[in-house]
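Read the structure below first, then the notes.
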Amino acid sequence: MEDALAERLLPWYREHRRDLSFRRTKDPYAILVSEVLLQRTRVVSGVPYFERFMARFPTVVDLANASEEQVLKAWEGLGFYGRARNLHRAGKAIVGDHSGQVPRTFAGLRELPGIGDYTAGAVASIAFGERVSAIDGNAARVLARVFRILGDLTRGEARKRLVGIGESLVPPSDPGAYNQALMELGATVCRPRTPLCTTCPLGSLCGAYRDGNPERYPQRFVRPPPPVIRVAFALVERKGKVLLVRRPSGGLLAGLWALPGGEIIGKTSAGAAIRESLKDLGVRGRVLGVSGRVDHTFSHRRWTGTVHRVRASGPTRLGGDALWAGPKEIQRLPLVPFHRRFLERGRGDDAAGTGTIRDLDMGEPF
DNA sequence: TTCCGGGATC
DNA sequence: GATCCCGGAA
């Protein structure tokens, strides 16, 4: 079985692999970028980001010299923004501690921020030919089916079995192609639902296929629906500019610029919540009405609520984490993706279809 | 509209 | 064990 898998996988891969830009490079830095960028991200949605990222930061020195804001801007829309910050830190470490050379071993790569077992294995095998495994979700699904691994593949005994089997199968020659082949098979043939077993190069090497129940693997576990959290944001206008605040450097949407506002605690009204957050920023004004709705689901919580137009009055002195943004800044800054549409729609009259929010003290100046 | 899949960190 | 997003499929 050991060699049989690789022997079937490699010819299949040469024939069927998708022609993707990140597969055309041998530059270890580019491979590292692509692997971080594809963490928890589908290949098709990651590719345009990869191309833009490499155009923007062609070398690790360019990345290391960039500001965190510039890196975040290139990441805007991809999600899991901690990845961007970690990749930036990794770039600085490569330049600062490794003479600008990407570490050539699994162990060396594993030390970099944002590089876990998967990414270290992928870069070590693909860029440097080290015989290590790289088991992403696609590869895990293939192995779970071939070897009929039951249980939760992310932890415990099932995880151990998966990793043990995965490591034992990596061939000494071209482990990078082998790892990519396994992942590619999972992505395109051994799909989560309705796998294309009739065209699979593994055929009856696969235990689940022989049993006639490939979809039984890997086992799925119920994911409880995320808690719904009320939010309210303010679209504050003054002299054609809009008020933005920088989100904290840790946590949700870390480091992105956003409309002021956020989660609402308890029974506070949306209007009151907005007045409160603007008061904290030293901004005075009046809430005019609702200009849109937010309904956005993250990994672990769901935001639902409203965006309110606010007319600011009087002068304001803003700190470093707040600014009045004109069109130029709106274009240049990394923004919360689902806030951007409110800014680009411009001054937007109170949108129809959002329903009228009855907030009796709405128009009060504050 | 809901569901689901895809790694790392602390 | 809890935190961190998005887009395509259903």
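Residue numbers begin at 1 in each chain, while the letters A, B, ... track the order of the sequences. Everything quoted here is computed from the prediction, not taken from an experiment.
- Between the CG atom of A/Leu252 and the C1' atom of B/dT9 there is a distance of 15 Å, given to the nearest Å.
- Only A/Asp136, A/Gly137, A/Asn138, A/Arg141, listed by number, bring a heavy atom of residues 130-145 of chain A to less than 4.0 angstrom from any atom of DNA chain B.
- Distance, A/Asp117 CG to B/dA8 P: 7 Å, rounded to whole Å.
- A/Phe338 and A/His296 have parallel rings, their planes meeting at less than 30° on a 0 to 90° scale where 60° marks the start of perpendicular.
- Within residues 67-88 of chain A, the residues that place at least one heavy atom under 4.0 Å from DNA chain C are, in residue-number order, A/Gly77, A/Leu78, A/Gly79, A/Phe80, A/Tyr81.
- Side chain of A/Arg311 to backbone of A/Arg286: no donor-acceptor contact under 3.5 angstrom is found.
- A/Val71 places none of its side-chain heavy atoms less than 4.5 Å from the side chain of A/Leu87.
- Comment: A/Arg159 does not engage A/Asp152 in a salt bridge, judged by the lack of any side-chain N to carboxylate O separation of less than 4.0 angstrom.
- Other residues, nucleotides and ligands contribute more than 12 heavy atoms inside 6.0 Å of the CD atom of A/Gln219.
- With DNA chain C read from its 5' end, the first of the two nearest nucleotides for A/Leu253 and A/Arg193 is the one closest to A/Leu253.
- Along DNA chain C, the nucleotide nearest A/Thr194 and the nucleotide nearest A/His300 are compared for position; the residue whose nucleotide lies closer to the 5' end is A/His300.
- With salt bridges taken as basic N to acidic carboxylate O contacts below 4.0 Å, none links A/Glu215 and A/Arg145.
- Close approach of DNA chain C to chain A, defined as any atom under 4.0 Å from a non-hydrogen atom of the protein, starts and stops at C/dG1 to C/dG7.
- Summarising the geometry, the separation between CG on A/Leu37 and P on B/dG7 is reported as 13 Å, rounded to the nearest angstrom.
- For the segment residues 16-36 of chain A, no residue has any heavy atom less than 4.0 angstrom from an atom of DNA chain B.
- Ion pairing between a basic and an acidic side chain is recognised when a charged N comes within 4.0 Å of a carboxylate O; A/Arg302 and A/Asp295 show such pairing.
- Using a cut-off of 4.0 Å between Lys/Arg side-chain N and Asp/Glu carboxylate O, A/Asp97 and A/Lys92 are scored as not salt-bridged.
- Base engagement by A/Thr297 is indicated by at least one non-hydrogen atom pair under 4.0 Å involving a base atom.
- Ion pairing between a basic and an acidic side chain is recognised when a charged N comes within 4.0 Å of a carboxylate O; A/Glu263 and A/Arg230 show no such pairing.
- Within the structure, every pair that satisfies the salt bridge (charged side-chain N to carboxylate O under 4.0 Å, His left out) test and touches residues 176-192 of chain A, not counting sequence neighbours, is listed here: A/Arg18-A/Glu184, A/Arg23-A/Glu184.
- Contacts of A/Arg14 classified as salt bridge (charged side-chain N to carboxylate O under 4.0 Å, His left out), with partners at least two apart in sequence or in another chain: none.
- We find that CG of A/Leu112 is positioned 15 Å from C1' of B/dT9, with the value rounded to whole Å.
- With sequence neighbours excluded, no residue forms a salt bridge (charged side-chain N to carboxylate O under 4.0 Å, His left out) with A/Asp280.
- Considering CD of A/Glu130 and CG of A/Leu109, their distance stands at 8.0 Å, rounded to 0.5 Å.
- Between the CG atom of A/Asp295 and the C1' atom of B/dT2 there is a distance of 11 Å, given to the nearest Å.
- A donor-acceptor contact shorter than 3.5 Å links the side chain of A/Gln39 to the backbone of A/Gly114.
- Within residues 38-56 of chain A, the residues having any heavy atom closer than 4.0 Å to DNA chain C are, in order of number, A/Arg42.
- A donor and an acceptor atom sit less than 3.5 Å apart, one in the side chain of A/Arg223 and one in the base of B/dG5.
- Here salt bridge (charged side-chain N to carboxylate O under 4.0 Å, His left out) pairs that include residues 56-78 of chain A, with residues two or more places apart or in two chains, are A/Glu68-A/Arg85, A/Lys73-A/Glu76, A/Glu76-A/Arg340.
- Counting only residues at least two apart or in different chains, salt bridge (charged side-chain N to carboxylate O under 4.0 Å, His left out) contacts with residues 107-118 of chain A comprise A/Arg110-A/Asp117.
- Residues A/Ala120 and A/Pro225 both approach DNA chain B. Their nearest nucleotides, taken by heavy-atom distance, put A/Pro225 toward the 5′ side.
- Side chains of A/Arg83 and A/Asn86: a donor-acceptor N/O pair is absent below 3.5 angstrom, by distance only.
- Within a heavy-atom distance below 4.0 Å of DNA chain B, no residue of residues 155-166 of chain A is found.
- Figure legend: A/Arg247 and A/Trp257 shown without cation-pi pairing, the cationic atom not lying both under 6.0 angstrom from the six-membered ring centre and within 45 degrees of its axis.
- Through direct or relayed side-chain contacts under 4.5 Å between Ile, Leu, Val, Met, Phe, Trp and Tyr, A/Tyr118 connects to A/Met183.
- Across all strands, A/Tyr118 comes closer than 4.0 Å only to sugar-phosphate atoms, never to a base (heavy-atom distances).
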